[in-house]
Amino acid sequence: MTIQTFAPGRVNLIGEHTDYSGGLVLPIAIQLGVTVHAEPAEHLEVDSDHPGEGWFRYVEAVAAELAELGRPDVAIRGSVTSDLPAGAGLSSSAALEVAVALALCVAAGWEVEPLVLADACRRAEFRAVGAPVGILDQAASLLGRERHALLLDCGTLEHRLVPVPDELVIFVVDSGVRHSHETSGYAQRRAELEAGMEKRVRHVRSENERVRQFVTALEAGDLGRAGELLYASHASLRDDYEVSVPEVDALVERAREAGALGARIVGGGFGGSVLVLADEAGADAVAAAYDDPLRVRPGPGAVIRRSSNENA
Ligand code: GLA
């Protein structure tokens with residue numbers, strides 16, 4: 001049996017640093033991601049072009065988490081390829097975890113609900129690198145759909161798809177400032193929130209409200225309002241949650257000057273990327289304001305592309 005799985009990276013449109021306290025998030029899966037080619041094997045043997053150090057720790061951690069859920073002990077031998085830039089805030093590690101998890105499930109002829117799998121991958125992130133992340137990235141990778149965003153309540157796990165208007169142009173601009181959950185203040189921010197620190201709590205409350213308003217604006221086709229909410233989210237992440245850095249703030253200001261609808265820091269923070277929204281009419285001016293903007297679109301969630309077990 002040969003197995004091919006693909007899991008996309010994600011961009012969270014809005015709802016940042018809300019997942020681990022049971023708040024609202026609104027990510028899209030993007031067209032870039034991680035592909036695994038594999039076959040069942042006795043021992044875990046995987047080659048990778050996945051950039052960054054210690055990627056195999058994630059593979060082992062996913063296998064260990066799935067074993068705890070009762071997955072039969074069938075390993076895989078194969079390779080991992082990725083077209084996602086690492087460290088840019090597009091969740092390359094979650095895509096790796098999800099693609100490997102699906103391959104391991106297929107190899108063992110075993111299935112679980114997508115959100116159960118997403119949660120196992122979230123725990124794998126903690127097991128691999130000690131990052132106490134929420135479920136945002138893994139859920140987006142598994143449940144994202146073409147031309148839609150995923151509205152997920154991370155407390156109840158209720159979710160629904162929200163159509164993303166075709167005229168909304170989505171850019172991701174890499175600040176070049178690299179972050180690492182292992183060394184960043186991510187865990188510290190989470191602890192401060194859980195300790196009830198006023199500014200941190202204020203961000204989460206206002207951000208949850210912005211997610212609701214953003215969905216309303218998208219559904220009403222009011223892209224201008226949606227963009228304003230992005231700038232407001234950035235201000236809150238910068239001033240109340242304090243996860244931005246000057247290089248990233250400068251990229252957000254540049255978006256404003258170029259007439260973008262909205263912009264904000266995305267992902268865990270302390271560097272990484274900026275999300276910039278434009279409409280079709282303004283997209284060229286916005287793209288020209290940056291050296292290497294990456295245009296992303298809401299793409300399909302993770303898939304099992306090929307397996308001789310399927311009769312498709
Ligand atoms: C990282 C984590 C997510 C989430 C975001 C912030 O991407 O992996 O779980 O907490 O930061 O919204």
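The model shown is predicted, which means the values in this text are computed figures rather than measured ones. Counting convention: from 1, in listed order, for ligands and their atoms alike.
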inquiry  = Judged on heavy-atom distance to atom 8 (O) of ligand 1, which of I135, D137, T18 sits nearest?
reply    = D137
task = Go through ligand 1 atom by atom and flag the ones less than 4.0 Å from a non-hydrogen atom of G268.
result = 1 (C), 7 (O), 11 (O)
Shared hydrophobic cluster for V80 and V74 (ILVMFWY, side-chain gaps under 4.5 Å) = no
request  = Find all atoms of ligand 1 within a distance of less than 4.0 Å from any non-hydrogen atom belonging to Y186, and give their numbers and elements.
outcome  = 1 (C), 2 (C), 3 (C), 4 (C), 9 (O), 10 (O), 11 (O)
inquiry  = Do L32 and F6 land in one hydrophobic cluster if side-chain heavy atoms of ILVMFWY residues count as linked below 4.5 Å?
reply    = no
query = Would you say L102 and L69 are hydrophobically clustered, going by side-chain heavy atoms of ILVMFWY under 4.5 Å?
reply = yes
query = Which of the numbered atoms in ligand 1 are below 4.0 angstrom from a heavy atom of Y20?
reply = 10 (O)
Lys/Arg cation over aromatic Y231: R256, 6.0 Å, 45° cone = yes
task = Answer yes or no: is there an ion pair linking R200 with E242, defined by an N-O contact shorter than 4.0 Å?
result = yes
note = Here the atoms of ligand 1 under 4.0 Å from any heavy atom belonging to G134 are 9 (O)
message = Taking a cutoff of less than 4.0 Å between a non-hydrogen atom of the residue and any ligand atom, is R10 in contact with ligand 1?
response = yes
query = Thinking salt bridges, do E97 and R57 make one under a 4.0 Å N-O criterion?
reply = no
task = Would you mind finding which of L237, V133, D19 brings a heavy atom closest to atom 4 (C) of ligand 1?
result = D19
